[in-house]
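A short worksheet on the structure shown next.
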There are 2 protein chains.
Amino acid sequence: MDAKHPVRTTEKTLALVEELMDRGPCGVTELANGLEMGKSAVHNHLTTLQKHGYVLKTGDEYQLGLKFLEVGGSTRKSMEFYQVAEPEVKSLANETGELANLLVEEQGMGVYLMRSKGEEAVDLDTYAGLRTYLHTTALGKAILAHLPESRVEEIIERRGLERKTPRSVGSREELFEALEGVRDRGYAIDDGERLEGLRCIAAPVKDSSDEVLGAISVSAPASRVSDDDLHGRLPERVLSAANVVELNINY
Amino acid sequence: MDAKHPVRTTEKTLALVEELMDRGPCGVTELANGLEMGKSAVHNHLTTLQKHGYVLKTGDEYQLGLKFLEVGGSTRKSMEFYQVAEPEVKSLANETGELANLLVEEQGMGVYLMRSKGEEAVDLDTYAGLRTYLHTTALGKAILAHLPESRVEEIIERRGLERKTPRSVGSREELFEALEGVRDRGYAIDDGERLEGLRCIAAPVKDSSDEVLGAISVSAPASRVSDDDLHGRLPERVLSAANVVELNINY
DNA sequence: GATAAGTGTTCTGGATAATAGAACAGAATC
DNA sequence: GATTCTGTTCTATTATCCAGAACACTTATC
């Protein structure tokens, strides 16, 4: 699993990229200080990345370029699950008027593949590509509930169970209890755990051999989701969307 | 502009990433042959990228992970132009029922920031992040028409004017003539140049100091776009969308 | 079922290349 | 106009990347 002979130079480049992602546009000296590297080394890495389109220079500042979006967009486009689910998530958003999301698991984390806003949708700070802990969202719990228990244990081991808010899952017992509930109901719920006043309903998408491919959700402000909706109209609609994707994936 | 002291190891990693993007999932030997590198070197680079989430391994095959989408999505999200234009492109798609696009220029190439499909939209093989030559699309011509002539010359020098189809622009004279027309009309047209039977209308978005930020377009099959539409209803709608973005960007 | 040819992975030391540090040029600040 | 910031260039030395060989497997082939 771990690199036996890591390429240290590459690791420095990647650290530089992530530093640039966190800081936004900035100069050579600031990056060199943040990464504890010499200015000349940082400069060499930056000009190399620039040459290949991964970094842009405007004046004396460097920033990430859209080449990452090209590579990322291309990998997303090559995923059958995304291709099939995309139109369904879109109509889910249009029909409910709320925010609809698509999440997959990768290396123990949740990755948003897309989000689609309906007419009235709240504007969360999620975006395509954003990573999230699986145990902190309805989407993540819908996925965890249908992974083998050993995989779930691995993921807890690797990523921990840090509490995002006081109301959220924070222990192994709480999580497994929650996952049991998800399996019983068929869908996962987040009632203000991640964000006060926000309710989410998520359903898993499984392939023909019952392996979970990802999850679909709708997020809406509590003011527009009655307690009846939360266990009636909305889950029905989300489950139906997930079901259509399953049918289209399995031919 | 060019790296004086390029980091060769980083360049090898980037070459590996692009090879992986072109080939899709594949093994160590295939990559090593394609890149003319030793197997052990390729293996070291792959495990390093995997360690940081940029590459995934399934069985004996390696493939790109969604970390690129994270970095790319984050850079896109940090662009004010995208933030402001995104809802407008979406409603342009919904109201016309066709395919709406958003393009920016980067390093002499066009980069699609997003595409939004209306009810009847054709399904082109464009995707967020895709790069295209500027002179081959209506979107690109809308941008070129509002760049300083010296920039346009630089871009021609750097990227050439390769013809995509027999009908498309293929010489400096043709291009500058076309750009003149775009400036006169206020919008750019692609009438089957890029793809037989596909008509596109694109309008530039400029900031308060008249610098072009990008372009918005609608693409539709010729069967649904009359000659009247091509110079009436559609450009009006696209220009209006571009105008709204300009107003919202300049406060 | 034995052999051969494929795969990915590990290991090593010697050739390669990354980088710290100093020096430079230019901008901004005081 | 001196000082202190920038980003950039250069070089020598150190660190490290990588070819090539050997390994453990799996898959073909006869």
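In this text the structure is predicted, and so the values were computed from the model without any measurement. Naming convention: chains lettered A, B, ... in sequence-line order (proteins, then strands); numbering from 1 in each chain.
Under a 3.5 Å cut-off, the side chain of A:E11 and the backbone N or O of A:P6 do not form any donor-acceptor pair.
When the side-chain nitrogen and oxygen atoms of B:T47 are compared with OP1 and OP2 of C:dT9, none of them lie within a distance under 4.0 Å. Between B:Y62 and C:dT7 there is no side-chain polar atom (N or O) within less than 4.0 angstrom of OP1 or OP2. Taking only side-chain nitrogens and oxygens, A:K57 never comes nearer than 4.0 Å to OP1 or OP2 of D:dG7. Distances shorter than 4.0 Å separate none of the side-chain N or O atoms of B:H5 from OP1 or OP2 on C:dA17.
No more than 12 heavy atoms of other residues, nucleotides or ligands sit less than 6.0 Å from atom CD of A:E177.
No N or O donor and acceptor, one from the side chain of B:K39 and one from the base of D:dG20, sit under 3.5 Å apart. The base of D:dG20 sits within donor-acceptor range of the side chain of B:S40, with an N or O pair under 3.5 Å.
Between the NE2 atom of A:H45 and the P atom of D:dG7 there is a distance of 16 Å, rounded to whole Å. Note: NE2 (B:H43) to P (C:dC11) measures 11 Å, nearest angstrom. In this entry the distance linking CD of A:Q50 with P of D:dG7 reads 14 Å, nearest Å. Taking atom CG of residue A:D60 and atom C1' of nucleotide D:dT8, one finds them 10 Å apart after rounding to whole Å. Rounding to whole angstrom units, CD of residue A:E36 and P of C:dA18 are separated by 21 Å. Across the protein-nucleic acid pair, A:E30 atom CD and D:dG7 atom P stand 9 Å apart, rounded to whole Å. Look at CG on B:L31: it is 12 Å from P on C:dT7, rounded to the nearest Å. In this structure, A:K4 places its NZ atom 14 Å from C1' of D:dA24, rounding to the nearest Å.
Residues B:T10 and A:T48 bring no donor and acceptor atom of their side chains to less than 3.5 Å of each other.
Among the protein residues, A:T9 comes within range of the sugar-phosphate backbone only, with heavy atoms under 4.0 Å from sugar or phosphate atoms but none that close to a base.
In terms of position along DNA chain D, the nucleotide closest to A:V28 lies nearer the 5' end than the nucleotide closest to the other residue of the pair A:V28 and B:R8. For the pair B:K12 and B:E61, nearest-nucleotide mapping onto DNA chain C gives the more 5' position to B:E61.
For A:Y112 and A:Y127, the distance between ring centers is not under 6.0 angstrom.
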Give the C-alpha distance, both sets of side-chain angles, the deciding distance and a yes or no for side-chain contact (heavy atoms from CB on, under 4.5 Å) between A:Y62 and A:L49.
CA-CA 10 Å; A:Y62 290 87; A:L49 285 167; over 6 Å; no

